Amino acid sequence: MTGLSFHFDQPSSRAPQAILLAVPPTEERLWSLSALEAVVLEAHVEGEAGGLLTGRGRARAGLQFERMLAATGLGRYAAAYRAYPLEPPDEPADAATTRFFAVMGGRVPDGARLYNALSAARPALPPAPAVDAADVVRMVAHAQAWLDWAHSFMARPVGAPAWVPHRMEYAFGLEVAGVALEAEEHTDGRIDWYAFSAAGDGAAGNGGPSVTVIPAPVTYPGMPARRLWEFEDANVSFGDVQAHPEDLGRLLLTEFALVFGGDWLLPVEVPTGSLVRVRSLLVHDTFGQRVRIAPAPRDDGWRMFRLSPGGDPGLLVPLALVSALRGRDLEEVLLLRDEGANLAWAVERTVEGEHGLPVDRAQAAYASTPEPEAPRAESEAFTYRLMSEVPEHWLPLLPRREQPGEPAVELVVGVVDAPPHGRVLSPGAVLREEEVPREGARVTRGYRLARWVDGSTHLWLGRRKQVGRGEGSSGLRFDAMD
Amino acid sequence: MTATDDATQRIAAVLGEDLCVLPRVLHPNPELALSQASLQGGDELAAVTWMQRAAHVREGVARFEGTLLYAEALGSPERLDLRVAQLPHRPGNRWAALPQERIEGGRLSIVAQGPLTAGTLAGCWSTNGARSSPTATR
């Protein structure tokens with residue numbers, strides 16, 4: 001576990017706190033200053049290399065290079081930098097990609113090729129195209145400015161990605177105030193205290209500010225009256241709430257309303273990205289007396305906001321986003337069981353096309369399916385089929401023993417006709433068997449956009465794992481006579 | 001087909017009812033055309049980067065960006081040329097979409113394609129950019 005924490009223990013300093021940093025599960029990595037800038041937890045955990053991967057992204061970056069050239073008064077070199085043209089792939093995956101490159105191919109600079117050439121030549125310029133000696137300094141500054149733009153346009157993973165392919169989930173760790181925190185199963189969405197479990201209590205530290213607050217009572221309709229003979233609100237009757245034993249949410253609400261209605265709240269504002277501990281509580285009452293409230297005894301049971309059983313009693317306030325705008329899913333993979341074929345499948349329903357839009361592989365497979373043959377006449381001979389056809393985007397998950405002689409199995413992404421087109425799956429990738437449950441799983445990939453505390457805007461590519469759509473049927477049959 | 005004097009109905013009759021004809025928008029304040037560089041923090045392409053990022057999560061913006069990508073590739077004179085205005089107009093203001101410690105409320109940001117010097121804009125597009133930013137404390 002590596003990480004960086006800022007911990008202040010001096011008298012009159014702020015509460016023990018730290019800036020939370022995403023740490024991938026590998027240990028062979030060091031933080032750099034650039035990694036510390038503008039840390040957005042979700043973006044750094046979920047972010048993956050994008051931006052210059054698709055034809056549209058490369059064209060966008062190439063045209064941005066030309067715009068920035070024009071803005072710096074070097075627009076006359078725009079034609080020369082088209083020596084790095086955007087070229088179509090050898091085999092376009094779909095008709096939309098063919099149309100995209102029919103317009104863009106050869107007409108705009110390829111941002112990825114420019115990026116590679118300028119990065120390799122830095123701090124000088126690549127040998128081609130030639131730049132007048134009088135313009136070299138300005139062109140070097142422009143190249144650096146464009147590289148900075150390309151770097152900052154989309155958040156990238158810091159070091160190794162936090163995505164764990166064999167579980168289709170994120171796993172990452174943090175260190176805050178000396179406490180190692182691990183999030184083993186983050187499946188996208190908001191990162192909050194419940195995503196983490198803590199190992200150890202961390203640095204004790206005696207520092208921290210004294211905060212004086214006036215307690216406020218909890219109030220809500222139907223709460224128990226505080227005075228003995230006061231009539232209670234009859235419009236809300238928590239005693240009449242019907243809840244089954246498994247209806248935990250309703251039971252928790254009722255218990256809180258009936259038992260903890262006399263609680264008082266102590267509003268304390270704390271910095272985000274901190275692990276807050278209350279070391280002592282001193283009550284000044286209206287009679288001028290001071291009463292010190294002792295901390296509740298520790299126990300090993302489950303408690304709200306606790307990061308591990310019996311562990312650190314601090315409250316984790318992660319440096320995380322309130323909300324992020326989500327683009328539509330660019331890639332969707334269904335993991336499902338097929339009891340009929342006695343096999344599990346990974347179905348690549350949509351993938352990101354070169355034009356930057358999702359390509360519906362399921363629709364393409366449906367459109368390319370030949371018309372069903374007419375039923376066999378009585379007089380015709382039987383047709384023997386060794387194996388029935390399965391759509392190209394259905395990739396079998398082949399069971400394999402994790403260890404020879406052991407009963408546990410894992411699933412390997414197999415290839416029938418063509419390898420996966422997207423980035424969620426890769427040929428030969430291994431999945432845990434439990435990641436393909438009976439209800440299935442749905443893994444999607446799409447862009448997220450959010451603003452941070454300082455108003456900066458962050459764009460990143462994130463993945464999401466949700467419950468699937470149940471079992472499926474590939475129609476796969478062997479040794480069939482039609 | 002019946003004769004009509006309404007240009008909108010004529011366009012709909014030729015190109016279909018689904019084609020949305022945007023009304024012309026009166027330019028609210030000629031001073032808005034000024035101070036593009038200072039409004040965008042010294043980077044006149046800041047609005048372009050903002051729009052390119054928004055195009056990843058807003059399909060309407062993605063179509064707009066895609067159209068101008070094609071236009072620029074084909075050498076069309078209509079190129080991506082975004083101008084920013086902000087109401088109420090105050091000299092030295094910073095565009096609300098840029099990094100800043102505190103974003104003041106009650107401001108309307110306008111991003112327009114093309115120069116803002118004319119008194120009337122031919123059309124406009126809008127995006128629901130209401131987003132909540134996290135705060136430094138909770």
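In what follows, chains are A, B, ... by sequence order, proteins preceding strands, each numbered from 1. Here the structure is a predicted model, which is why all the values come from computation and not from measurement. Basis for what follows: all heavy atoms, side chains included, without hydrogens, waters or symmetry-related copies.
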Exercise. Among residues 99-106 of chain A, which ones touch chain B with a heavy-atom distance under 4.5 Å?
Worked result: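 From residues 99-106 of chain A, the residues near chain B are F100(A), V103(A), M104(A).
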
Which pair of non-hydrogen atoms, one from [X] and one from [Y], has the smallest distance, and what is that distance?
| X | Y | answer |
| --- | --- | --- |
| R53(B) | F153(A) | NE-O, 3.0 Å |
| R67(A) | V48(B) | NH1-CG1, 3.9 Å |
| R451(A) | L98(B) | NH2-O, 3.2 Å |
| V57(B) | Y447(A) | CG1-O, 3.7 Å |
| L45(B) | A71(A) | CD1-CB, 4.4 Å |

Exercise. Do Y70(B) and H355(A) have their ring centres less than 6.0 Å from each other?
Worked result: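 Ring centres of H355(A) and Y70(B) not closer than 6.0 Å.
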
For this session: Give, for atom CZ of R58(B) and atom CG of L325(A), the distance between the pair rounded to the nearest 0.5 Å.
Result: 5.0 Å

Exercise. Rounded to the nearest 0.5 Å, how far apart are CD of Q52(B) and CZ of R60(A)?
Worked result: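 These two atoms lie 6.0 Å from each other.
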
Exercise. Can you check side chain to side chain contact (heavy atoms under 4.5 Å, CB included) on L461(A) and H56(B), steps first, answer last?
Worked result: CA-CA 10 Å; L461(A) 254 174; H56(B) 286 78; over 6 Å; no

Exercise. So do E72(B) and E66(A) actually touch side chain to side chain, heavy atoms under 4.5 Å?
Worked result: no

For this session: Measure distances from A62(B) to the heavy atoms of chain A and classify the residue's part below 4.5 Å as side chain, backbone, both or neither.
Result: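 The answer is both parts of A62(B).
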
Seminar exercise, completed: If one checks every heavy atom of E65(B) against chain A at 4.5 Å, the contacting part turns out to be both

